Amino acid sequence: MSAPPPTATREPFPREIWVLTGAAFVIAIGYGLIAPVLPRYASSFEVDYARIAFVVSAFAFCRLVFAPFGGSLVRRWGERPVYLIGVLVVAASTGACALATTYTQLLVFRGLGGVGSTMFTVSAVGLIVRLSPPPLRGRISAAYAATWLIGGILGPVVGGQLARFGFRVPFVVYAIALLLAAAVVAVLLPAGVSAPAAADALPVMTLREALRDSAYVAGLLSGFANGWANFGVRIALVPLFLTEILGTDDAMTGNALAAFALGNGLVLTMSGRWSDRVGRRLPIIVGLTVNGALTALVAGCGSVWLFLVISLGAGAGIGLFSPSQQAVVADVVGRNRNAGSVLPPFQMAGDLGAILGPVVAGVLAERAGFGIAFLVTGILVVLAAVPWFWARESNRLASDGGSPRWAAPRGSADQT
C-alpha cells in the first residue's frame, strides 16, 4: 500500500513569513497603544464628533491617496527597502503627534503616517502573496493576522493605562515600537528576497483582469465594509461612546478594544485552517454576518459588561473573516503572476471605508445619537456578505483529497 500524500499541515512556513509576522506583532502593539486615546486626544482640542472622527479618517485618507504610488515604489525598489522606509515614516509622524499643540497639527501629523503605512503594508502583503505556498495561504494569513490581533489585545490595555500619564505618552511609546520593528526587518529579512527583478520577471496581472473575477470584486466590497466598521467607526466612536454615554474611563476603553481583539484572536487559527479546507466564501459570509449583527446591537446597549460581550463576539466574527479575505487576494493573483495594480485597489477599498465610516458615523452620532451610527454600520457589514453568495470559490484546493472542488470560471484571474 502506498504511503498517503503529505498534508499541507506538515509544510513549514517560509522563514521570511516569520520575520514579517514578528515585525507586525511589534507594530500592532504600538498601534493598539494609541487606539484608545486618539479620539480623546483629538477631543482635548475642543472639536466636535465629526472632526474627532476625521483624525481617524486622515490616516486612511493618506493611505488611499498614496496607495498607487506605493505599488510603483515596490516595483522599482523592491519590497524590503520600501517596507523599512514606510515604518520609519510612520515612526516620525507618530512622534510628531506627541508634540502637536493644535488640532490641525495632530490632523496633519496623523495623516502623514498613512503614507508610510501604505508603503510597509503593500510591501508586506506583496511578500506574503509571493512567498506563501498555496496549501498554506489560509494559515499564513491567519498567522499574520494573529500577530496583529495579539498585539491588538495587549496594546489597548497598556495604552489605556498609559493615558493616565497623558494622551501624548502612548504616541511616544508607539514611535519607539516602530523603530524596533524596522530594526527586526533590517536585520533578519534577506535583502535579495525583494529584488525588483524577481517581480518584474513574472507576467503582470492587470486590474481589468482581476475585476473579471467575482471573488476579487466581492473582496473589494467586503474590504470596504470591514474598513468602515472595524478600522474606522470602531476606533473613532467606541472610546467616545464608552466615556460619554456609558460613563467609563480610558482604561475601560482599552479593555473594550482588547475584548474585540481577543475575540478575533481566539478563532483565527481555526478559521485559517477552515479556509484552507472548505474554502473562502463560507468563513467570509459567516464572519461578516456575525460582526455586522453584533455591531448593530450596540444601538441598544446600556451596560459596559454587555458592550464587552458584544465586542468579544464582533471580534470573533472578524476572526472568521480576515484570513479568508486576505487569502482571496493570493488566490486571485497566484504565485506565478506579478500583482501589478491588483494589490493597491484591494487595500484602497478598506481605506476608503475607513475614511468614510468615521465621518458619516460621526455626523450620525452628532445628529441622531450613537445608537443610529452603530446600527447603520452593522447593517452595512451584513449587506457586504451578500455578494459572496454569488462569488466564485477562489480556493481550488479546498477538498478532502486536495483536488479542485470548484473550478475557476472562464475569464477568471485564478492563476494558482
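Not measured: the values here are computed from a predicted model. Residue indices begin at 1 and follow the sequence shown. Note that these values count all heavy atoms, side chains included, but never hydrogens, waters or copies made by symmetry.
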Closest approach of Ala181 to Val87 (non-hydrogen atoms, all atoms of both residues): CB-CG1, 4.5 Å

Using side-chain heavy atoms (C-beta onward) and a distance below 4.5 Å, is Val267 in contact with Met270? yes

Is it true that a side-chain atom of Arg234 and a backbone atom of Ser311 form a donor plus acceptor pair closer than 3.5 Å? no

Which atom of Ser93 lies closest to which atom of Phe109, heavy atoms considered: CB-O, 3.3 Å

Is there a donor-acceptor pair under 3.5 Å between the side chain of Thr118 and the backbone N or O of Arg63? yes

Please indicate whether Phe61 has more than 12 foreign heavy atoms, meaning atoms of other residues, nucleotides or ligands, lying under 6.0 Å from its CZ. no

A side-chain contact here means heavy atoms from C-beta on lying under 4.5 Å apart; do Val37 and Phe171 qualify? yes

In terms of heavy-atom contacts, Ala186 and Leu84 come closest through N-CD2, 3.8 Å

Tell me, with the steps shown, if Phe69 and Met119 meet side-chain contact (heavy atoms from CB on, under 4.5 Å). CA-CA 9 Å; Phe69 302 100; Met119 296 175 71; over 6 Å; no

Hey, does Phe307 have a side-chain heavy atom less than 4.5 Å from the side chain of Val238? yes

Kindly say whether Ala100 contributes a backbone atom to a donor-acceptor pair with the side chain of Arg168 at under 3.5 angstrom? yes

Just wondering, do Trp388 and Leu282 contact through their side chains at under 4.5 Å, heavy atoms? no

For the residue pair Phe346 and Tyr216, does the interplanar ring angle fall in the parallel (under 30°), tilted (30 to 60°) or perpendicular (over 60°) class? tilted

Between atom CG of Leu352 and atom CG of Leu64, what is the distance when rounded to the nearest 0.5 Å? 6.0 Å

Using the rule given for side-chain contact (heavy atoms from CB on, under 4.5 Å), can you reason through Val89 versus Leu112, listing the C-alpha separation, both sets of side-chain angles and the distance that settles it, and then say yes or no? CA-CA 8 Å; Val89 169; Leu112 289 175; 5.8 Å; no

Does any N or O in the side chain of Tyr103 come within less than 3.5 Å of the main-chain N or O of Arg51, such that one atom is a donor and the other an acceptor? yes

Donor-acceptor contact below 3.5 Å, side chain Ser214 vs main chain Ala391: no

Calculate, to the nearest 0.5 Å, the distance between atoms CD1 and CG belonging to Ile27 and Leu180 respectively. 10.5 Å

Testing Ser394, Ser222, Ser275, Ser271 one by one against Ser324 for a side chain to side chain donor-acceptor pair (under 3.5 Å), which residue passes? Ser275

side-chain contact (heavy atoms from CB on, under 4.5 Å) between Leu178 and Thr94, worked out: CA-CA 9 Å; Leu178 288 163; Thr94 302; 3.9 Å; yes

Pair Leu312, Leu262 - check side-chain contact (heavy atoms from CB on, under 4.5 Å), show working. CA-CA 7 Å; Leu312 185 72; Leu262 177 61; 4.1 Å; yes

Minimal heavy-atom distance between Val55 and Ala42, with the atoms involved, is CG2-CB, 3.9 Å

Rounding to 0.5 Å, atoms CG (Leu88) and OH (Tyr83) come to a distance of 10.5 Å

4.5 Å side-chain heavy-atom contact, Val122 and Val82: no

Just by modelled atom types, is the Ala314 backbone N or O under 3.5 Å from a matching donor or acceptor in the Asn291 side chain? yes

Whether Thr21 side chain and Trp18 backbone form a donor-acceptor pair below 3.5 Å: yes

Taking the inter-plane angle between the rings of Phe167 and Tyr41 on a 0 to 90° scale, is it parallel (under 30°), tilted (30 to 60°) or perpendicular (over 60°)? tilted

What is the distance from atom CD1 of Ile285 to atom CZ of Phe389, rounded to the nearest 0.5 Å? 4.5 Å

Identify the heavy atoms of Ala354 and Ser57 that sit nearest to each other, and give their distance. O-OG, 3.5 Å

Kindly compute the distance separating CG (Leu242) from OG1 (Thr248), expressed to the nearest 0.5 Å. 4.5 Å

For Ser117 and Thr121, which heavy atoms make the closest approach, and how far apart are they? O-OG1, 2.7 Å

Flag, side chain of Thr295 to backbone of Thr377, donor-acceptor distance under 3.5 Å: no

Ring pair (Phe, Tyr, Trp, His ring centres under 6.0 Å) assessment of Tyr49 paired with Phe54: CA-CA 9 Å; Tyr49 290 154; Phe54 194 63; over 10 Å; no

Nearest 0.5 Å please: distance from the CG atom of Leu106 over to the SG atom of Cys97. 5.0 Å

Is any side-chain heavy atom of Met252 closer than 4.5 Å to one of Leu308? yes

Compare all side-chain heavy atoms of Val298 with those of Phe370 and state whether any distance is below 4.5 angstrom. no

Quick check against the 3.5 Å criterion: does Arg281 have a side-chain atom that pairs as donor or acceptor with the backbone of Arg392? no

Expected output: side-chain Glu79 to main-chain Ala124 donor-acceptor under 3.5 Å: no

Check: Phe25 and Ile29 side chains under 4.5 Å, non-hydrogen atoms: yes

